[in-house]
Every structure is written in C-alpha cells, then in structure tokens.
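Take a look at the structure below.
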Amino acid sequence: MKTTSVDTKKCDYCSGTGYFQLLLGGSETCTCCAGSGKKQEKY
C-alpha cells in the first residue's frame, strides 16, 4: 500500500524544521508554518 505525502511536504522557508536559526544565536519560530515544519495550504 502506497501512502501519499501531499499534506506533509516540508515548509519551503524553514526546510521542515519549524524554526530559523538566527545569526546572533537562538532560534525563531517560522511564521509561514507556525512552527509545524509542514507546508500550510493557502485558503
């Protein structure tokens, strides 16, 4: 049985991590996927 991963694609902006590494240290939640790391569908 083949499963499709249409709704589990990685977020293009944070590469699926859910956050950005900041240059000065620390991290910031990705605003595009709200930290989920998955690509959000636009409505």
Side-chain angles (χ1 to χ4, degrees):
M1 184 172 165
K2 188 176 183 184
T3 58
T4 57
S5 59
V6 174
D7 58 344
T8 57
K9 287 187 176 180
K10 289 182 183 178
C11 176
D12 292 329
Y13 296 96
C14 65
S15 301
T17 58
Y19 60 90
F20 291 110
Q21 285 297 124
L22 300 178
L23 291 174
L24 298 175
S27 61
E28 184 175 297
T29 303
C30 180
T31 54
C32 265
C33 65
S36 68
K38 295 177 184 174
K39 190 178 282 186
Q40 296 288 326
E41 294 297 323
K42 305 250 180 179
Y43 293 106

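Annotation: side chain of Cys30 is in contact with side chain of Phe20 (closest heavy-atom distance under 4.5 Å).
In plain terms, the two heavy atoms of Gly18 and Cys14 that are nearest each other are N-SG, 3.2 Å. The minimum heavy-atom distance linking Lys39 with Lys10 is given by the pair CE-O, 3.8 Å.
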